[in-house]
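All ligand and atom numbering here is 1-based and tracks the order in the structure.
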Amino acid sequence: MTGTTLPGSIPSVTLNTGATMPQVGFGVFQVPDAETHAAVATALEAGYRSIDTATVYGNEAGVGSAIKESGIARDDLFVTTKLWNSDQGREEPLAAIDRSLELLGLDAVDLYLIHWPAPGRGAYQAAWQALEEIHASGRAKAIGVSNFLPEHLDALTALGGTVPAVNQIELHPALQQRDAVARNQALGIVTEAWSPLAQAAVLTDPAVTSIAERLGRTPAQVVLRWHLQHGRVVIPKSVTPSRIKENLDVAGFELTDADLVSIDALESDGRIGPHPNELDG
Ligand SMILES: NC(=O)c1ccc[n+]([C@@H]2O[C@H](COP(=O)([O-])OP(=O)(O)OC[C@H]3O[C@@H](n4cnc5c(N)ncnc54)[C@H](OP(=O)(O)O)[C@@H]3O)[C@@H](O)[C@H]2O)c1
């Protein structure tokens with residue numbers, strides 16, 4: 001599904017809607033709303049055109065004000081937000097998306113995701129039908145899911161409606177979720193990696209630092225390059241301007257097959273966040 005290269009040489013993938021999505025975006029989890037405007041402004045200035053936020057991050061207003069101030073044409077941006085668990089159900093998402101759009105100052109998001117399956121609530125299938133309605137209304141140009149395991153995807157596809165465009169999952173060298181990635185691929189769903197740098201924990205691993213030294217790149221650039229060459233979308237987060245720029249500068253070099261294999265070998269079931277079946281709150 002790897003597609004064309006966008007201006008500024010950010011590669012892109014093509015979604016099942018036909019839209020293109022930048023393969024490198026900017027994540028704002030754990031960035032306080034008051035700091036989000038500055039971080040997103042720095043990212044947009046550096047050349048990012050895709051921003052990943054969520055209702056529960058509490059910083060959609062900061063994302064929206066930075067977008068507005070940037071003056072960048074709406075069609076040149078790709079904005080993702082997510083439905084929080086307590087808003088799951090057949091009706092609740094219809095109001096939740098309007099609250100998000102109001103905070104973001106947008107008429108539509110490019111991608112609206114169900115944040116977690118929250119299976120204990122028994123409401124994600126109904127929420128998916130609400131997202132289909134939101135998609136049909138034009139308020140989300142594409143719809144998808146996050147933290148969905150194959151069993152949750154099966155429950156959605158059993159409804160016989162829209163196939164999610166994206167599944168955003170925890171994915172980094174220490175947790176590669178190969179079964180989930182394979183199911184995404186089989187269904188034509190783009191895999192998007194959250195915590196792509198394992199919140200910096202993998203950046204001191206000798207397998208990564210040795211490649212970085214050989215290529216004259218940073219460990220973060222090597223790990224992001226590993227994701228891109230596996231065809232995944234990444235959304236690294238940073239509030240540090242030099243790192244924000246560094247994380248986007250990943251187009252001008254290639255890892256060898258041997259490099260990919262040595263990073264693949266770092267799988268250690270090293271989950272950072274909750275297991276998808278254990279977060280219902
Ligand atoms: N769907 C979900 O359930 C879910 C869950 C978690 C995250 N996400 C999304 O994924 C995005 C990224 O995940 P994340 O924020 O958890 O982790 P991450 O992007 O893997 O790592 C962020 C951490 O790494 C540091 N860092 C970033 N670039 C660096 C570099 N070049 N060199 C050294 N350190 C660097 C950052 O520090 P500084 O900021 O101090 O520079 C920050 O502490 C989030 O912002 C969010 O959009 C989604």
*Cation over ring, Arg232 on Trp226, under 6.0 Å and within 45°?*
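Yes, a cation-pi geometry.
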
Could you list which atoms of ligand 1 come closer than 4.0 Å to a heavy atom of [X]?
{"X": "Glu246", "result": "30 (C), 31 (N)"}
{"X": "Thr240", "result": "38 (P), 40 (O), 41 (O)"}
{"X": "His115", "result": "1 (N), 2 (C), 3 (O)"}
{"X": "Gln168", "result": "1 (N), 2 (C), 4 (C), 8 (N), 9 (C), 48 (C)"}
{"X": "Pro236", "result": "19 (O)"}
{"X": "Ile235", "result": "9 (C), 10 (O), 11 (C), 12 (C), 47 (O)"}
{"X": "Ala220", "result": "30 (C), 31 (N)"}
{"X": "Val28", "result": "45 (O), 47 (O)"}

For [atom], the protein heavy atom that lies nearest, with its residue and separation:
{"atom": "atom 19 (O) of ligand 1", "value": "Lys237 N, 2.9 Å"}
{"atom": "atom 28 (N) of ligand 1", "value": "Asn247 ND2, 3.0 Å"}
{"atom": "atom 35 (C) of ligand 1", "value": "Arg243 CD, 3.6 Å"}
{"atom": "atom 47 (O) of ligand 1", "value": "Asp52 OD2, 2.6 Å"}
{"atom": "atom 21 (O) of ligand 1", "value": "Gln199 CA, 3.3 Å"}
{"atom": "atom 3 (O) of ligand 1", "value": "Asn147 ND2, 2.9 Å"}
{"atom": "atom 6 (C) of ligand 1", "value": "Trp194 CE3, 3.1 Å"}

Do you see a donor-acceptor pair shorter than 3.5 Å between the side chains of [X] and [Y]?
{"X": "Thr162", "Y": "Glu132", "answer": "yes"}
{"X": "Asp52", "Y": "Gln168", "answer": "yes"}
{"X": "Glu60", "Y": "Ser100", "answer": "yes"}
{"X": "His115", "Y": "Ser146", "answer": "no"}

*Tell me, yes or no, whether the heavy-atom count around Glu267 atom CD, taken from other residues, nucleotides or ligands under 6.0 Å, exceeds 12.*
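Yes, the 6.0 Å shell around CD holds more than 12 heavy atoms from other groups.
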
*If you count the non-hydrogen atoms of other residues, nucleotides and ligands that lie under 6.0 Å from CD in Glu151, is the total more than 12?*
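Yes - once you tally the heavy atoms of other residues, nucleotides and ligands closer than 6.0 Å, there are more than 12.
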
*Just let me know how Leu203 lines up against ligand 1, side chain, backbone, both or neither, with a heavy-atom cut-off below 4.0 Å.*
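Side chain only.
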
*Answer with side chain, backbone, both or neither: which part of Ser238 has a heavy atom less than 4.0 angstrom from an atom of ligand 1?*
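Looking at Ser238 and ligand 1, atoms from backbone and side chain both fall under 4.0 Å.
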
_Contact between ligand 1 and Ala198 is defined here as a heavy atom of the residue under 4.0 Å from a ligand atom; is it met?_
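Ala198 counts as a contact of ligand 1 under the 4.0 Å cut-off.
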
*So is Trp116 in contact with ligand 1, going by heavy-atom distances below 4.0 Å?*
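Yes.
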
Side-chain donor or acceptor of [X] paired with backbone N/O of [Y] under 3.5 Å:
{"X": "Gln177", "Y": "Glu170", "answer": "yes"}
{"X": "Arg90", "Y": "Trp128", "answer": "no"}
{"X": "Asn147", "Y": "Pro117", "answer": "no"}

Distance-only N or O hit between ligand 1 and [X], under 3.5 Å:
{"X": "Phe29", "value": "yes"}
{"X": "Val239", "value": "yes"}
{"X": "Leu197", "value": "yes"}
{"X": "Ser195", "value": "yes"}

*Over 60° means perpendicular and under 30° means parallel, so classify the ring planes of Tyr57 and Phe29, tilted if in between.*
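Rings of Phe29 and Tyr57: tilted, 30 to 60°.
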
_side chain to side chain contact (heavy atoms under 4.5 Å, CB included) for Thr53 and Lys82? Distances and angles first, verdict last._
CA-CA 7 Å; Thr53 184; Lys82 312 184 192 85; over 6 Å; no

_Ion pair Asp110/Arg49, N-O distance below 4.0 Å_ =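 Looking at Asp110 and Arg49, the cut-off is not met.
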
*Test: Arg183 and Asp154 ion pair at under 4.0 Å*: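 Yes.
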
